[in-house]
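Input: a single structure, listed below in structure tokens.
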Amino acid sequence: MTLLGEPGTATSEEPALTEVRDECVAAFGPDLVAYLLGAGSNGRPLRTWRLAEAAATRIGELRLRAAHVVLAQFKDPEHARAWLRRPNPDLGRQPPADVLRTATTMRGMLPVIEAAELPT
């Protein structure tokens, strides 16, 4: 998978964004996906936030793809979901979900991906 590639240009190795979105929502639930994509973080009311709009942005796609890579590192969605929410010593005691939510570049998301690859 080419995580550093340009958003919107899925390769034959990379699943389509709609597939990534659907798998993340199924595994993490809509609330955690909304959190990861920054729902409510820009001062706009939550009721105006839309998954399709957030995922269509460059940063939204990067966050979804990073979350999808994290999901692939775990044997089941429950462990991945719990790992995202738990403070992580490799991330300065921040929950990985917080790091993904606030990262604005792939470089900012890489520590989460790398931490997910470590044995737990």
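Heads up: numbering here begins at 1 and tracks the sequence. Scope of the values below: all heavy atoms of this structure, side chains included, with no hydrogens, waters or symmetry mates. Note that the structure is a prediction, hence the values are computed from the model and not measured.
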Worksheet item: Are side-chain heavy atoms of Leu91 and Pro96 found at a separation under 4.5 Å?
Response: yes
Discussion item. I need the minimum non-hydrogen distance between Val20 and Pro15, along with the two atoms involved.
Written reply: CG2-CG, 3.6 Å
Item to complete: Examine distances only and state if a side-chain atom of Arg81 and a backbone atom of Asp76 form a donor-acceptor pair shorter than 3.5 Å.
Response: no
Worksheet item: Which atom names give the shortest non-hydrogen contact between Ala66 and Ile113, and what distance separates them?
Response: CB-CD1, 4.0 Å
Discussion item. On a heavy-atom basis, which atom in Gly40 and which in Arg101 lie closest, and how many Å separate them?
Written reply: C-NH2, 4.1 Å
Worksheet item: Any idea which heavy atoms bring Trp49 and Gly38 closest together, and the distance?
Response: NE1-C, 4.4 Å
Response to the item:
The residue among Asp90, Val69, Leu100 that forms side-chain contact (heavy atoms from CB on, under 4.5 Å) with Val112 is Leu100
Fill in: Met106 CE to Arg58 CZ distance, which is reported to the nearest 0.5 Å
8.5 Å
Practice prompt. Supply the atom-to-atom distance Gln73 CD to Glu114 CD, rounded to the nearest 0.5 angstrom.
Written response: 11.0 Å
Discussion item. Please enumerate all residues that pass side chain to side chain contact (heavy atoms under 4.5 Å, CB included) together with Ala103, with sequence neighbours excluded.
Written reply: Met109
Worksheet item: From Leu64 CG over to Phe28 CZ, what is the distance, rounded to the nearest 0.5 angstrom?
Response: 9.5 Å
Practice prompt. State, yes or no, whether a side-chain contact exists between Asn88 and Trp83 at a heavy-atom distance under 4.5 Å.
Written response: yes
Worksheet item: For Leu37 and Ala55, which heavy atoms make the closest approach, and how far apart are they?
Response: CD1-N, 4.4 Å
Discussion item. For Val33, is there any backbone N or O sitting under 3.5 Å from a side-chain donor or acceptor partner on Arg63?
Written reply: no
Discussion item. Do Arg85 and Leu32 make a side-chain contact, defined as non-hydrogen atoms from C-beta onward lying under 4.5 Å apart?
Written reply: yes
Worksheet entry | Partners passing side chain to side chain contact (heavy atoms under 4.5 Å, CB included) against Thr102 (at least two apart in sequence or in another chain) | none
